[in-house]
Amino acid sequence: MSVGSPPPPELDGPASLLSRIGLGGRLGREIARAAIGSTGVRLLGTAMAFGVGVQLARYLGPEQYGLYGTIMALVALLSVPCQFGFTQLVVRELAVHSSRVDLPAFKGTLVGLSVGVVIASLLTLIVAFPALHWMPSWSAEHDAYAWLLLIVPIYALISFGSGVLRGMGNVVLASSFDALLRPGLFAGALFLVMHFTRTMSAARALGLNMMTAIAALILLLLAILRYLPLRLGSHMGVYQPRTWLGASLPMFATELLRTLDAQVGIMLISFNALPAETGYFRVAAATALFFGLPITVINLIIAPYIARFHALAEKRRLQRLMAGAAIASILGTGGLIAILLAAGTPLVVAVFGPEYGDAWLPMIILALAHFATALFGANQALLNMTNEEGSVTFGFLLGLAFTTVLSLLLVDRYGASGVAIGMLAGSVSRGFFMSWRSTATLGLQPGLLGVLTLLRSARPTPAE
């Protein structure tokens, strides 16, 4: 089996909106197949994650669901130093080595970064255990927090393994493990335990989460072994630890800031409001997963293409790729928001229960935050895959600053809605900055502005 695939062939003539911006022909079909497959997987996975949220909300009630949400926010935060930016780095490096058919560099990257994740996970757990004692609910819920230390490294390894598959070009398969298989197994386990025992607590739910994550990780490792190049074992690996660390540090910082930006809401509510308010925000955030689905899928699909086109200095195709990504993200996110607005508050009450009616307003605000991200395009993936990790790091730092300051000002008075407003402001400020950096450093316009520019200049011409 060869590593990766050869550079995409030349583009065919225009036949649609995407063709007008230059994404027609075989490249367009290749990306479309990946988009359809990944969107299907992500849609099913998001539906399952949403179903899990509904199950937990109904099984646990607002207070226990709030505790579960707090612990899972900590899981998300701690899994970032476990990966240390190696997940994002392995996607880029394996995609580049695949396009160049460089098996020694491919092997060295895979082995070296895998060892790095294991070491980083051990160090993270050593530091995290004593720090958990500072959590306000530790004394009363230490059994629930104990599961956190077991879940964190498993989640980190699943994310890294999915990155390996994406770097090898298996985008749809990579998406299926974290987005489809793991939540699907968890949902089934929750249903069975609740059906036979009729009782559920945050600690029990976390234990089920860990066991199903282990099953998903085992299947993921088997998939990686299956798709590795056949001749990889006959080559000596090329190891570049200093280069990897230099590239992973800004990626780690960016991912930490991105995760903090996503989880700071739950953490602030946990420390400043009643547990039930955390449950409301958790419900809003669980529903908002649907609105982030289009941009998430697009980022996963185009990341290897960005790295490939940048390595081959094909700037024109890269701009067309970013415009196509922006079109898909805007239409997808906008359509989902329209559906939510049409359904209204009764939908939230019908799905989660009458005690969660207050989740409606923060849910709408979080949806608008995702739409703002879609308007600015896949600028994070663009900058990460073109050696501009520092710009992404600063962008998330800027967004986190806006989110935190506004959330602190508004959380006491407006609760979950105040935190959602802070997250909307963070999304807008981050998008502005990263779009500006994309234009200033790369000469590319990744969002709506790039789409409009290409459409104005497009003319029906024969294939390049």
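The first residue in the sequence is number 1, and the count goes up from there.
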Novice: Let me confirm one number: the CG-CE distance from Leu406 to Met423, rounded to the nearest 0.5 Å.
Specialist: 12.5 Å
Novice: List the atom pairs, donor and acceptor, that lie under 3.5 Å between side-chain atoms in residues 365-387 and the rest of the protein, sequence neighbours left out.
Specialist:
{"from": "His370", "atom 1": "NE2", "to": "Ala288", "atom 2": "O", "distance (Å)": "3.4"}
{"from": "Thr373", "atom 1": "OG1", "to": "Ala369", "atom 2": "O", "distance (Å)": "3.2"}
{"from": "Asn379", "atom 1": "ND2", "to": "Phe376", "atom 2": "O", "distance (Å)": "3.2"}
{"from": "Asn379", "atom 1": "ND2", "to": "Ser435", "atom 2": "OG", "distance (Å)": "3.2"}
{"from": "Thr386", "atom 1": "OG1", "to": "Leu382", "atom 2": "O", "distance (Å)": "2.6"}
{"from": "Thr386", "atom 1": "OG1", "to": "Leu383", "atom 2": "O", "distance (Å)": "3.4"}
{"from": "Asn387", "atom 1": "OD1", "to": "Arg92", "atom 2": "NH1", "distance (Å)": "3.0"}

Novice: Looking only at non-hydrogen atoms, find the nearest pair between Thr212 and Ala189 and report the distance.
Specialist: CG2-CB, 3.9 Å
Novice: Just checking, any donor-acceptor pair under 3.5 angstrom between side chains of Thr259 and Gln263?
Specialist: no
Novice: Measuring only between side-chain heavy atoms, which start at C-beta, is Leu318 closer than 4.5 Å to Tyr305?
Specialist: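 In short, these two side chains do not touch, never coming nearer than 4.5 Å.
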Novice: May I ask you to check whether over 12 heavy atoms, not counting those of Phe50, lie within 6.0 Å of atom CZ?
Specialist: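 Above 12, so yes.
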Novice: Would you check if Phe86 and Leu245 make a side-chain contact, meaning some heavy-atom pair closer than 4.5 Å?
Specialist: yes
Novice: Quick check, are the ring centers of Phe433 and Phe396 under 6.0 angstrom apart?
Specialist: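 Between Phe433 and Phe396, the centre distance exceeds or equals 6.0 Å.
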Novice: Is there a side-chain contact between Gln83 and Ser159 in this structure, where contact means two heavy atoms from C-beta onward sitting under 4.5 Å apart?
Specialist: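 When only atoms from C-beta onward are counted, Ser159 and Gln83 do touch, with a gap below 4.5 Å.
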Novice: Decide yes or no for Tyr239 and Trp244: does some side-chain heavy atom of the first lie under 4.5 Å from some side-chain heavy atom of the second?
Specialist: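 When only atoms from C-beta onward are counted, Trp244 and Tyr239 do touch, with a gap below 4.5 Å.
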Novice: Distance-only, no hydrogens or angles: does the Thr333 side chain make a donor-acceptor pair with backbone N or O of Ile330 under 3.5 Å?
Specialist: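 Answer holds: no.
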Novice: Could you walk me through whether Leu190 and Leu56 satisfy the side chain to side chain contact (heavy atoms under 4.5 Å, CB included) test, starting with their C-alpha distance in whole Å, then the side-chain angles of each, then the deciding distance to 0.1 Å, before giving a yes or no?
Specialist: CA-CA 8 Å; Leu190 283 172; Leu56 291 170; 3.9 Å; yes
Novice: Give me the atom names and distance for the closest heavy-atom approach of Pro81 to Phe252.
Specialist: CA-CE1, 3.5 Å
Novice: Only counting residues at least two apart or in another chain, list the ones meeting salt bridge (charged side-chain N to carboxylate O under 4.0 Å, His left out) with Glu255.
Specialist: Arg258
Novice: Do the side chains of Ile151 and Leu206 get nearer than 4.5 Å, heavy atoms only?
Specialist: yes
Novice: Go through the structure and list residues passing side-chain hydrogen bond (donor to acceptor under 3.5 Å, both in side chains) with Thr393, not counting sequence neighbours.
Specialist: Thr254
Novice: Quick one: CG on Leu157 to CD1 on Ile218, what's the gap to the nearest 0.5 Å?
Specialist: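 Rounded to the nearest 0.5 Å, the CG-CD1 separation comes to 11.5 Å.
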Novice: Show me, pair by pair, the donor-acceptor contacts under 3.5 angstrom made by side chains of residues 115-126, not counting sequence neighbours?
Specialist:
{"from": "Ser121", "atom 1": "OG", "to": "Val117", "atom 2": "O", "distance (Å)": "2.8"}
{"from": "Thr124", "atom 1": "OG1", "to": "Ala120", "atom 2": "O", "distance (Å)": "2.8"}

Novice: As a quick check of understanding, evaluate side chain to side chain contact (heavy atoms under 4.5 Å, CB included) for Leu110 and Glu93, giving each step before the final call.
Specialist: CA-CA 9 Å; Leu110 179 60; Glu93 295 299 301; over 6 Å; no
Novice: What closest approach, in Å, do Ile302 and Ala325 show between heavy atoms, and which atom pair accounts for it?
Specialist: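 Residues Ile302 and Ala325, closest heavy atoms: CD1-CB, 4.0 Å.
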Novice: Drop me the distance from Leu397's CG to Leu256's CG, to the nearest 0.5 angstrom.
Specialist: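 It is 10.5 Å, given to the nearest 0.5 Å.
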Novice: Could I get the full list of salt bridge (charged side-chain N to carboxylate O under 4.0 Å, His left out) partners for Arg182, not counting sequence neighbours?
Specialist: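 Testing Arg182 for salt bridge (charged side-chain N to carboxylate O under 4.0 Å, His left out), a comparison that skips the adjacent residues, returns Asp178.
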Novice: Within a strict 4.5 Å, meaning less than it, do heavy atoms of the Ile306 and Met322 side chains meet?
Specialist: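 Yes; the side chains approach each other to less than 4.5 Å.
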Novice: CG/Asn170 to CZ/Arg226 distance, rounded to the nearest 0.5 angstrom?
Specialist: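 The distance works out to 9.5 Å.
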Novice: At what distance, to the nearest 0.5 angstrom, does CG of Leu113 lie from CD of Gln88?
Specialist: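 The CG atom of Leu113 sits 11.0 Å away from the CD atom of Gln88.
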Novice: For a quick test of reading the model, state the closest non-hydrogen atom pair linking Leu340 to Trp360 and the distance between them.
Specialist: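 Shortest heavy-atom contact: O-CH2, 3.4 Å.
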Novice: Any ring-ring contact (aromatic ring centres under 6.0 Å, His included) involving residues 155-174? Give me the pairs, sequence neighbours left out, ordered by first then second residue.
Specialist: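 Listed by first then second residue: nothing to list.
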Novice: For the CG atom of Leu219 and the CD1 atom of Ile214, what is their distance to the nearest 0.5 Å?
Specialist: 12.0 Å
Novice: Could you walk me through whether Phe177 and Leu173 pass the side chain to side chain contact (heavy atoms under 4.5 Å, CB included) check?
Specialist: CA-CA 7 Å; Phe177 287 96; Leu173 181 63; 3.8 Å; yes
Novice: Looking only at heavy atoms, what is the nearest atom pair of Ala416 and Ile269, with distance?
Specialist: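 That closest heavy-atom pairing would be CA-CD1, 3.8 Å.
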Novice: Could you tell me whether the side chain of Glu388 and the main chain of Ser438 form a donor-acceptor pair under 3.5 Å?
Specialist: no
Novice: Is there a side-chain contact between Tyr280 and Pro362 in this structure, where contact means two heavy atoms from C-beta onward sitting under 4.5 Å apart?
Specialist: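 Result no, sub-4.5 Å side-chain heavy-atom pair not found.
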Novice: So, do Val96 and Arg308 sit near enough that their side-chain heavy atoms are less than 4.5 Å apart?
Specialist: no
Novice: What's the shortest heavy-atom distance between Ala326 and Pro446, and which atoms?
Specialist: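 Shortest heavy-atom contact: CB-O, 3.6 Å.
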Novice: Could you go step by step and tell me if Thr439 and Leu444 meet the side chain to side chain contact (heavy atoms under 4.5 Å, CB included) rule?
Specialist: CA-CA 5 Å; Thr439 302; Leu444 299 170; over 6 Å; no
